[in-house]
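Inspection log for the structure reproduced underneath, given as structure tokens.
So that the names make sense, note that chain A is the first sequence line, chain B the second, and so on, each numbered from 1. Note that the coordinates shown come from a computational prediction; the quantities given were computed from them, not determined experimentally.
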Amino acid sequence: MSKPAIPKGTRDFLPHEVRKRQYIFDTIRQVFELWGYQPIETPAVELLSTLMGKYGEEGDKLLFRILNNGDFLAKADREALQLMDSYRLALSIAKRGLRYDLTVPFARFVVMHQHQISLPFKRYQIQPVWRADRPQKGRYQEFYQCDADVAGADSLMYEAELLQIYDEVFRRLGLKVRIKLNNRKILAGMAEVVGIADHFTAMTTAIDKLDKIGWEGVRAELAQRGIGAEAQTELQKLLHTAQLDALAPLLENSELGRAGIEELRTVWAYLDGITLHQHLSFDPTLARGLSYYTGCIFEVVVDTDAHPSIRMGSIGGGGRYADLTGIFGMKGVSGVGISFGAERIYDVLEALDLFPQGLTQALQVLFVAFDRDTHRFAFRQMSALRQAGIAADLYPEPTKMKKQMKYANALGVPWVILVGEDELKSGKLTLKNMQSGEQSAHSLDEIIAILRASK
RNA sequence: GUGGGUGUAGCUCAGCUGGUUAGAGCGCCAGAUUGUGGCUCUGGAGGUCGCCGGUUCAAAUCCGGUCAUCCACCCCA
């Protein structure tokens with residue numbers, strides 16, 4: 001018999017890990033709900049025609065494909081097979097794949113259900129996604145995304161409220177973060193002013209790596225993509241201007257640049273007078289790769305001043321995409337959304353010991369019985385406790401006490417109730433506090449009162 | 001896709017430049033303690049050394065291949 005295993009990049013979760021994960025999901029969910037977002041779910045499996053071409057060439061490679069059922073070779077592309085062209089062959093033998101993110105399925109959802117929802121449609125979604133990436137630390141092939149998006153409204157009010165959601169979720173989790181804000185139109189404006197508008201994607205890709213490779217590295221990468229030294233220097237000067245008012249005159253000659261500045265001012269105006277607990281700042285060097293964002297973009301990182309021990313990439317990101325549903329034939333629907341990186345948040349909370357106490361054990365009391373008769377008696381007493389809303393359990397057989405106590409210990413149950421001949425006769429049960437070791441005899445009602453009080 | 005590390009008991013690992021019966025800690029089981037867990041002590045079970053091949057009188061150890069896994073890069077959460 002071979003040793004059991006699970007696919008690379010996937011994980012099992014033990015009970016205490018699931019409880020901690022659920023604490024994060026619940027916190028995020030509660031804030032989403034408070035801000036008026038509604039839950040939806042979409043299938044894990046989507047048609048590849050829905051997914052392909054939406055995440056760039058790299059993304060397509062990382063899509064998990066599902067082999068067609070039945071005699072898939074009968075309909076296979078024989079020419080591709082002959083040519084050993086795996087990519088082309090795959091198109092003919094797999095028509096489904098696992099979802100890669102939650103945004104594209106959401107766009108599909110909006111188009112398919114446009115008559116059942118009203119715009120603006122505010123939805124949240126907490127579900128796993130899959131990527132055939134090579135796993136490494138903090139990166140998995142199966143992981144959860146927690147997204148909130150608004151479809152069908154241009155109002156910058158939503159940018160402001162999504163920033164508030166970031167602020168509130170991390171406040172509730174007890175984590176200090178820095179929320180960074182920028183606008184793709186400002187980046188586009190910079191490209192125009194510097195005269196490299198035709199290199200916009202290359203520019204954003206390079207800027208995005210600033211944290212990692214520094215200015216030297218960014219300049220090298222810009223040079224490699226055919227951007228001259230003069231443009232590099234000018235661009236660097238613009239990116240160093242982290243004050244909107246100072247940047248505005250420098251982008252005066254770019255229509256896009258002016259629009260970007262104006263949008264950010266509007267977002268700031270909405271947040272005027274609002275109390276935020278986290279550090280929110282305009283960061284002109286925030287670029288967010290080459291994704292589909294067109295307006296405001298956000299990113300959240302752990303505040304290393306407050307938590308100097310943490311080294312972690314972004315734990316959340318999002319932004320505005322002017323044409324959410326265009327790829328599915330529905331024009332004029334703008335979208336804006338944010339995403340929480342739950343797995344990374346978990347690692348950070350764990351490293352900082354920020355999970356609340358008492359998350360790990362729900363069971364309050366374990367019954368320990370000594371023989372057949374008391375075991376049956378204990379079963380009825382346990383049922384009464386459960387009826388009273390107290391999480392109770394009974395060791396499945398009246399074996400040696402040592403074994404049962406050991407089990408209680410391993411579970412981490414705070415209380416044990418001992419049921420033997422004496423208890424059966426007197427009708428009073430022996431309640432033992434597993435931490436202090438103290439024990440005393442009580443009626444069932446008294447026990448219910450004690451356990452309720454100790455919850 | 002590129003580069004590197006690691007595969008030895010259920011888990012974490014030791015085993016020096018090849019040399020008889022492959023070890024430790026934790027965990028598990030039993031006992032010290034037949035109505036009391038955590039701590040301690042005693043004993044026990046548990047391993048085709050990832051797999052295939054090569055070198056050698058001799059391979060866990062050296063070499064080649066293969067598979068798995070982890071880490072870094074690309075990209076991303």
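Atom name P, nucleotides B/C13 and B/A30: the rounded distance is 29 Å, in whole Å. Nucleotides B/U33 and B/A45 are separated by 24 Å at their P atoms, to the nearest Å. When the P atom is compared between B/G18 and B/U56, the two are found 16 Å apart, to the nearest whole Å. Taking atom C1' on both B/C76 and B/G5, the two are 23 Å apart, rounded to the nearest angstrom. Using atom C1' as the reference point in both B/U48 and B/G4, the two lie 30 Å apart (nearest Å).
Close to B/U36, at under 4.0 Å from its OP1 or OP2, lies no side-chain N or O of A/Gln439. For A/Lys400, no side-chain nitrogen or oxygen approaches OP1 or OP2 of B/G35 to under 4.0 Å. At B/G35, none of the side-chain N or O atoms of A/Lys432 fall inside 4.0 Å of OP1 or OP2 (strictly under the cut-off). In terms of phosphate contacts, A/Gln145 brings no side-chain nitrogen or oxygen within less than 4.0 Å of OP1 or OP2 of B/A77.
No hydrogens or angles considered: a donor-acceptor pair under 3.5 Å links the side chains of A/Glu423 and A/Thr430.
A donor N or O paired with an acceptor N or O is not found under 3.5 Å between the base of B/C70 and the side-chain atoms of A/Arg134.
Distance from the side chain of A/Lys8 is smallest to B/C70 among B/C76, B/G35, B/C70. Across B/C70, B/C74, B/G37, the shortest atom-to-atom separation from the side chain of A/Pro135 is found for B/C70. When distances run from any side-chain atom of A/Lys402 to the nucleotides B/G37, B/U36, B/A77, the shortest one goes to B/G37. When the nucleotides B/U36, B/A77, B/C75 are ranked by their closest atom to the side chain of A/Ser314, B/A77 comes out on top.
Residue-to-nucleotide proximity on RNA chain B shows that, of A/Asn409 and A/Lys61, the 5′-proximal contact is made by A/Lys61. Residue whose closest nucleotide on RNA chain B sits further toward the 5' end, between A/Asn433 and A/Phe340: A/Asn433.
Partner A/Ile417 forms a side-chain contact (heavy atoms from CB on, under 4.5 Å) with one of A/Leu444, A/Leu385, A/Val368, A/Leu366 and no other, that one being A/Leu385. Results of the side-chain contact (heavy atoms from CB on, under 4.5 Å) test with A/Phe170 over A/Ile179, A/Val302, A/Ile345 single out A/Ile345 as the only residue that passes.
Classification of the A/Phe298-A/Tyr166 ring pair by plane angle, with boundaries at 30° and 60°, yields perpendicular.
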